[in-house]
Amino acid sequence: MLDNLSISKRIWGGYATMVLLLVGIASFGYYAVSNLGQSLREYRQTSAQTVLANEYIEDLFQARIGSLKFRVNQSDASSAEVHENIAGITNDERLQETFENSPELKSEILALKGDAGSYAEAFGRLVEFQRQIERLNEQLAEVGLSTRMMLTEIMETAFADGDIEAAFYAGVAQQELMLGRLYMERFLRDNDPASFALVGQYLSSTADQMTILLDNLENPQRRNLANNVISNEILFLELAADVQTAITRRNAITDNELDRIGPDVQARFENVID
């Protein structure tokens, strides 16, 4: 059929074929470039989301480290480290723009921000209980020292007056008091109920010794000191009970909130990145 065409028609036919090929190639190129551009935009968006989520993970990790440090040193710097890093998550305004085209991920990140805020709130309550424990412990130290000094005065004055029985019972009471204070210090460190039980046992024994002493004391100054010792022992036990309550509540925050929320939020942030 081509043999019947003139040379000019063959030339124009060749041009037409080339034009069609060029149009096809251009169309394919435009389509490929458009897809590449879309892919690059999606890649850029995904990269921005990954970077932001990684920043949140880093902030959360540093907050959890600060929380662990606070449990060891109870410092204001460690407390501030927790709140500053959580604020880096909860106060960040880039979420809306960065996850604008990913509604499901945005919803999850918003939920994670809320959980991070809950972590900070729980940690704040833990700090309040810790400060309460510290104040109560200072009072315990003052009451314990005051009681020991009164018992020492009873012992010394009784011995000087030849009242060996009073000196003996005051000495036993002081020994029991010191053991009670020792186990109170141990309870502050190990939070073991067995240690706290011994505090009550030894302080009750101190009171028993004072009761026996009062039955045999005639010296008004020593009787007054003995009564003050008993009053101090009651106060010591009340303060110790308040410490135990505060420690129990503080530890519940650690076990049931901080150590639960922290790992959960960390894992969910990693799922967002995946």
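The first residue in the sequence is number 1, and the count goes up from there. Keep in mind that the numbers below use all heavy atoms, side chains included, and drop hydrogens, waters and symmetry copies.
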- Going by atom types alone, do E176 and S205 pair a side-chain donor with an acceptor below 3.5 Å? yes

inquiry  = Just by distance, no angles: are the side chains of N219 and T157 close enough, under 3.5 Å, to form a donor-acceptor pair?
reply    = no

| query | Just checking, is any N or O donor in the side chain of S78 or S75 under 3.5 Å from an acceptor N or O on the other one? | reply | yes

May I ask you to check whether Q174 and R148 show a side-chain donor-acceptor distance below 3.5 Å?
no

message: Is it true that N251 and N191 share a donor-acceptor pair across their side chains at a distance under 3.5 Å?
response: yes

In one Ile/Leu/Val/Met/Phe/Trp/Tyr side-chain cluster, 4.5 Å: L140, L198: yes

Heavy-atom nearest pair, A116 first then I89, reads CB-CG2, 4.2 Å

Determine whether I65 and F61 make a side-chain contact, defined as any pair of heavy atoms from C-beta on separated by less than 4.5 Å.
-> yes

Smallest heavy-atom separation, M210 atom then E233 atom, equals CG-OE2, 4.0 Å

- Salt bridge flag under 4.0 Å for residues R222 and E153: no

Looking just at side-chain N and O atoms, do E128 and Q132 make a donor-acceptor pair shorter than 3.5 Å? no

Hey, are E121 and R125 close enough for a salt bridge, meaning a charged N less than 4.0 Å from a carboxylate O? yes

| query | Quick one: are the ring centres of F70 and F123 less than 6.0 Å apart? | reply | yes

